[in-house]
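Just so we're on the same page: letters track the sequence lines, and every chain starts at 1. Nothing here was measured: the structure is a model prediction, and the numbers come from that model.
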Amino acid sequence: MQMNREALTRAYRQMKLIREFEERLHEEIQTGEIAGFTHLYCGQEAVAVGVCEHLSERDKIVSTHRGHGHCLAKGCDVTGMMKEIWGSQEGLCNGKGGSMHIADLEKGMLGANGIVGAGSPIGVGAGLALKIDGPDGDGKLGVAITFSGDGACNQGTTFEAMNLAVVTKAPVIFVFENNHYSEHTGNSYAVGTANDIASRAEAFGMKVWRADGTDFFAVHDCMREVLDYVRTPGNGPAAVEFDTERFFGHFEGDPQRYRGPGEIDRLRATRDCISKFRDSVTQAGLLPDADLDAIDTETLDVIETAVKASRAAPRPTAANVLENVYITY
Amino acid sequence: MQMNREALTRAYRQMKLIREFEERLHEEIQTGEIAGFTHLYCGQEAVAVGVCEHLSERDKIVSTHRGHGHCLAKGCDVTGMMKEIWGSQEGLCNGKGGSMHIADLEKGMLGANGIVGAGSPIGVGAGLALKIDGPDGDGKLGVAITFSGDGACNQGTTFEAMNLAVVTKAPVIFVFENNHYSEHTGNSYAVGTANDIASRAEAFGMKVWRADGTDFFAVHDCMREVLDYVRTPGNGPAAVEFDTERFFGHFEGDPQRYRGPGEIDRLRATRDCISKFRDSVTQAGLLPDADLDAIDTETLDVIETAVKASRAAPRPTAANVLENVYITY
Amino acid sequence: MAKLMYRDAIRNTIFQEMQRDARVCVLGEDVVGGMGTAGGPEAIGGIWSTSTGLYDAFGADRVIDTPISESAIVGAAAGLALAGKRPVAEIMFADFIGVCMDQLWNQIAKFRYMFGGKSICPAVIRMPCGAGYNAAAQHSQVIHQFVTNMPGLKVVMPSTPEDACGLLRQAIRDDDPVIFLEHKFLYGMSGEVSDDPDFCIPFGHARLARAGLDATIVAAGMMVGYAEAAADELAKDGIGCDVIDLRTTSPLDEETILDSVEVTGRLIVVDEAPPRCSLATDIAALVASKAFASLKAPIEMVTAPHTPVPFARELESAYLPSPAKVAAAVRQTLSYR
Amino acid sequence: MAKLMYRDAIRNTIFQEMQRDARVCVLGEDVVGGMGTAGGPEAIGGIWSTSTGLYDAFGADRVIDTPISESAIVGAAAGLALAGKRPVAEIMFADFIGVCMDQLWNQIAKFRYMFGGKSICPAVIRMPCGAGYNAAAQHSQVIHQFVTNMPGLKVVMPSTPEDACGLLRQAIRDDDPVIFLEHKFLYGMSGEVSDDPDFCIPFGHARLARAGLDATIVAAGMMVGYAEAAADELAKDGIGCDVIDLRTTSPLDEETILDSVEVTGRLIVVDEAPPRCSLATDIAALVASKAFASLKAPIEMVTAPHTPVPFARELESAYLPSPAKVAAAVRQTLSYR
Ligand SMILES: Cc1ncc(C[n+]2csc(CCOP(=O)(O)OP(=O)(O)O)c2C)c(N)n1
Ligand SMILES: Cc1ncc(C[n+]2csc(CCOP(=O)(O)OP(=O)(O)O)c2C)c(N)n1
Ligand SMILES: [Mg+2]
Ligand SMILES: [Mg+2]
């Protein structure tokens, strides 16, 4: 484990922030105020946070259609994101992108992505850039991390990206979040190798790791090793498969008839990364319940503030449509 | 081995036909009479023939930019092909396709292909069609075979095709001809796993085979097993990697500066599938030299006739440009 | 005749054609919906409800749920068609053509030509397209401008449930490859649909949706409704418009367009695509080269701007053509003397 | 000034920019040529000789030879650019856009817009294109009609060695993504090229390649030479043509076109692409909507037919535009009264 109080607190706060962000969105979407397609990350928080807590701003991440968790974990502004999802002119992307296209280049967040599998090659490019930059004073490289789902691992671009990273020895980590579903299809059907994505990556010539994605400490420990490996010049890429769970539908509005009876209740009861984290740190006496409760309350406040600000934020106007296509034209 | 005299003779004739077709093209191309890009198959004949000798017209094959060998092995007409490469109106494709686009649907030859990796999904489709058709009286399925190079095995489409075939249990065989080069690049560089394509296929959930592609009998025996497996309903796809050699450049005109000193001479001396076949059948007393010599002579005649006919064949005219875009429009 | 929604007209036509012809098969992502899950096949039945019930009726060999692999989907459709079947493939959003264009453009479209006329490739590729759902830049696009440029493909853009039925049946029975573009915003549209099991609408014949003598409005797919609304609005002011619903952009019914412009002398083209190298410019160029003598005013094009599709509601509605913009363009052309 | 071939102008410009700016890097298939072989890196040095010597000078980090994975190439260029580099990626044949269009169209082109203006993506994607080598349907195509439609991309079509140099330098220094279309048939063309290390040609400014008062011929890339040849031929008969070399199709220099047509009243557009939803229709539509009053005759478009590119010599030359076809179109428009 080797995490100090501050680190543990931060991790919990980050996971909780994602959770409440999503739970609140789930409510708000029902009112019809929020437009577009929204894919909630709830249930997978330990992956985003367990990965990103190791990263600095130099490191880059590339995300997916289910990107809120990765964005928040990499440090994107909560209110800026909420405003974006609300479609405000003050959103992180001026209301141009919405849920599926949140990015913050300054934070090293190179974008959520609506095209399944498109992020992987982009991540390789970011890794190649970091390779050109070379190691820091500490002899370690910056890394690029691409998040992909079990569905994305069937898209040709993902495979090409893995091979290119191996060939070029790019400092890239392919993080596969296996939540067992791509839309309404089970991975036991769509992934020829069923519950095994890591072996595919291995066959591309990469070192691979696997861990329980609902166990924050498993993710965090695993990523320490992976990062240590990939940051070492000359080693090249690696892949990690995390076994995780999606608590909501594929997108908001999904009737989820493909789920087994009681499936979600069972997942919430037994595979909730946040409850597991909480149980483990309180039982080990590392953090008192009261501290965590305080974070819970703070988080709800942060979200409430973000929602209020989003509601009140200025809307874009027709004139804005034409802006920001080019820098010069 | 288990091949009778007739089968052995046929196999030799087919390999020799491809060889002489290519050697002659290599000469003719120097004269400038033949236009376009031509990729010669010389050196790889044992693969095309060792695979296709097992097939019936019901079975389909999908080829590559280096397609002459596959076409001839699947039964395309020699003169029709030569005329096509010459760009004649009487060519197999009326001079519209040329070397890279030869096809003969009636023979189950679904086309050479100028786009690297494009053939694999098409092969899966053909396999799915054969799966819909179901087994023959003998309880066996027709199969679709896709040929790909070691370079093509880095193209996303190839990976998608493999996964789709596994998921749908399509009767498809992915034949990888590893000739160690994609254009001017060595496969030890471009394939993350270097000389191992089969393991990648395996990681997609397929049964795989490997054999020496310069040994006709190794190919033929191996394919008997593979076909037996894939023709059995319910088994789904398989992959085979053949280690083989390309005797000419990537395309005609390639200066081949990437080859080692004496490399081609060495390959011709030690890795020539036709010499190896000949040595093996004559030494084992299966076929007398005289019979093989007779085939050699016949083959040269066939090619000579094809070339003469191609030279004399009618050329297409401007009016032909507009034909055969649609059936009705 | 039966009253049907556009999406049901599509689903029913596929169903009927599958019943009629054992060569017809369906493939795409989640077209079964629920494969490999506790809910099982048909738990969802296609995210657009255009394939509901097909799996139960025709089984896994003919209703093929695929992984997220668009190149493999279109490529498999190509192979199925070359091998004698009549595949109807679905690409969930037309925007995904970016990952599978080769199979459409370099394979399916070109086989017959490259092979000297010796093959048929009767594949139908269905692609839900278009904006209006605030789905932002990567889930809101139209792509008829690309596929119309591609020789060898036929391109269909039905604007009503009736047309969806008749044109889809024609597409499935057609021996050439067809790109079938369903506007997502039309899925919920209701209308009378013929129940003749052989009802087909031939390609290359436009439909005159409104008749008038003052101006010619050309549109296809979703834009037809906007053109009609504009025409109806203008009619109140005594302005009469021909509204030509192209139905298919390839083949193109040049005659109907040219005949109309010869009468009206004024052309307005409505297109949801960005303006450059688009269907709008295509129709404009046709008229400027073949009906020049009849033209009385500059050609007006009502299109999206040269920008990606924006997310926010205000932005997206400003981005899209609308009846008001069409009407304004008609008035503009009429103001020219 | 130095006399250089088009291909060397490109190679030299990349070389100089790599020397000048450590952020510039190159990637593509066989751009080094010989990786993993006995001959070793640079054994070939790029199949178009447009990257010869780069690897030896700048090393493997900045000159990245890639596997046959076009989506990964363009995607990596996207990532490199977002992460602060200035990648110059090569797609060996423009025809391969079919397997990587998503990364161009939905990623590189849209980042800035989707991200609310908060990113720059200075990627250059070089694509050798065009017919003339009997390379048949999948290795002979032009693709400017597709990329010009895509908001967010700039599209460059140099027609001379000088332009190849000045426009490529501008492309590499430009902060927006640029699709750089090199016609394969021009690689061997020689011409004077400025040796000013900062010689840039700004985008959106067409070049008047010939001046005349009787008709306006608009062309880009390879087609410019045909237009010039036609104009020279016609000049002998006392017919004067403006020949406008667009240089970039996006941004488009509308003003130069419209100004010319205002004088000549007659427009001929020359385009190697098939005719539908093409650059030819784009320019025609522009003029028909914005210079209508000046037009004295139907617009003529000289394009490829609506067919794939055929293989045989006779077919390919019948397929392509030519100086004679351009001249005939000019005479046609002049015959109209
Ligand atoms: C190229 C492409 N194909 C299909 C889709 C539609 N789609 C969006 S998300 C998704 C499922 C993705 O599954 P997975 O990768 O497992 O991610 P998860 O949704 O489970 O996070 C699909 C099919 C898309 N956006 N892009
Ligand atoms: C999509 C695509 N990318 C690149 C090319 C150019 N190209 C043609 S053949 C070839 C090498 C293919 O290598 P391999 O698959 O090993 O086949 P081989 O030539 O060895 O038979 C390349 C890069 C192409 N035709 N299509
Ligand atoms: Mg998933
Ligand atoms: Mg090879």
Side-chain angles (χ1 to χ4, degrees), chain C residues 71 95-107 109-110 113-114 136-138 141 144-146 148-152 249-250 252 267 269 273-293 295 297-301 304-308 310-311 336, chain D residues 71 95-107 109-110 113-114 136-138 141 144-146 148-152 249-250 252 267 269 273-293 295 297-301 304-308 310-311 336:
Chain C
S71 283
D95 310 68
F96 307 158
I97 190 180
V99 294
C100 60
M101 197 174 89
D102 182 71
Q103 291 288 345
L104 286 179
W105 178 46
N106 282 328
Q107 312 298 333
K110 297 187 166 79
Y113 194 76
M114 295 191 299
Q138 297 173 337
Q141 296 170 96
H144 52 267
Q145 66 276 26
F146 303 134
T148 301
N149 176 264
M150 298 176 188
T249 62
S250 177
L252 180 71
L267 174 69
V269 195
R276 306 292 315 283
C277 301
S278 63
L279 183 64
T281 68
D282 187 83
I283 305 298
L286 169 75
V287 168
S289 75
K290 297 198 182 163
F292 176 75
L295 267 183
I299 294 172
E300 295 290 325
M301 291 176 277
H306 187 66
T307 80
F311 163 65
Y336 183 89
Chain D
S71 283
D95 310 67
F96 307 159
I97 191 180
V99 294
C100 60
M101 197 174 91
D102 181 71
Q103 290 288 345
L104 287 178
W105 177 46
N106 282 327
Q107 311 299 332
K110 298 188 166 78
Y113 194 75
M114 293 190 300
Q138 296 173 337
Q141 296 169 96
H144 52 267
Q145 66 276 26
F146 303 135
T148 300
N149 176 263
M150 298 175 188
T249 62
S250 177
L252 179 71
L267 174 70
V269 196
R276 306 291 315 284
C277 301
S278 64
L279 182 64
T281 68
D282 187 83
I283 305 297
L286 169 75
V287 168
S289 74
K290 296 199 184 164
F292 176 75
L295 267 182
I299 294 172
E300 295 289 326
M301 292 176 276
H306 187 66
T307 81
F311 163 65
Y336 183 89

Subject >> Best-contacting candidate, C:Ala288, C:Ser289, C:Ala285, C:Pro308, against chain D by heavy atom pairs under 4.5 angstrom >> reply: C:Pro308

Subject >> Choice from C:Val99, C:Thr148, C:Ile97 maximising heavy atom contacts with chain D below 4.5 Å >> reply: C:Thr148

Original post:
Does D:Gln145 reach the side chain of C:Gln145, with side-chain heavy atoms less than 4.5 Å apart?
Top reply: no

Original post:
So what's closer than 4.5 Å to chain C heavy atoms on D:Ala136: side chain, backbone, both or neither?
Top reply: neither

Original post:
Distance-only, no hydrogens or angles: does the D:Asp102 side chain make a donor-acceptor pair with backbone N or O of C:Gly98 under 3.5 Å?
Top reply: no

**OP:** Let me know if D:Met301 has heavy atoms under 4.5 Å from chain C in its side chain, its backbone, both or neither.
**Re:** side chain

**OP:** Starting at SG of D:Cys277, measure out to CG of C:Asn149 and round the result to the nearest 0.5 Å.
**Re:** 6.5 Å

Original post:
Taking every heavy-atom pair that is under 4.5 Å apart, which of C:Ala291, C:Ala273, C:Ser278 has the most such pairs with chain D?
Top reply: C:Ser278

Original post:
Side chain, backbone, both or neither: which part of D:Gln141 has an atom under 4.5 Å from a heavy atom of chain C?
Top reply: side chain

Original post:
Is the side chain of C:Asn106 donor-acceptor paired with the backbone N or O of D:Asp95 at a distance under 3.5 Å, no angle test?
Top reply: yes

Original post:
So what's closer than 4.5 Å to chain C heavy atoms on D:Phe311: side chain, backbone, both or neither?
Top reply: neither

Original post:
Where does D:Leu267 contact chain C at under 4.5 Å (heavy atoms): side chain, backbone, both or neither?
Top reply: neither

Original post:
Checking C:Leu104 against chain D: side chain, backbone, both or neither under 4.5 Å from a heavy atom?
Top reply: neither

Subject >> Closest-packed option against chain C by number of heavy-atom pairs under 4.5 Å, given D:Pro305, D:Ala284, D:Pro310, D:Ala304 >> reply: D:Pro310

Original post:
Given a strict heavy-atom distance threshold of 4.5 Å, which part of D:Ala293 is in contact with chain C: side chain, backbone, both, or neither?
Top reply: both

Original post:
Taking all non-hydrogen atoms of both residues, which atom of D:His306 and which atom of C:Gly152 are closest, and how far apart?
Top reply: NE2-N, 4.4 Å

**OP:** Determine, stepwise, if the pair D:Arg276 / C:Leu279 fulfils side-chain contact (heavy atoms from CB on, under 4.5 Å).
**Re:** CA-CA 8 Å; D:Arg276 306 291 315 284; C:Leu279 183 64; 4.3 Å; yes

Subject >> Residue part contacting chain D, namely of C:Phe96, when any heavy atom lies under 4.5 Å >> reply: neither

**OP:** With a 4.5 angstrom heavy-atom cut-off, could you sort out which part of D:Ser71 is near chain C: side chain, backbone, both or neither?
**Re:** neither

Original post:
Contact part of D:Pro275 toward chain C, heavy-atom cut-off under 4.5 Å: side chain, backbone, both or neither?
Top reply: backbone

Original post:
Can you say whether D:Tyr113 sits under 4.5 Å from chain C via the side chain, the backbone, both, or neither, judging by heavy atoms?
Top reply: side chain

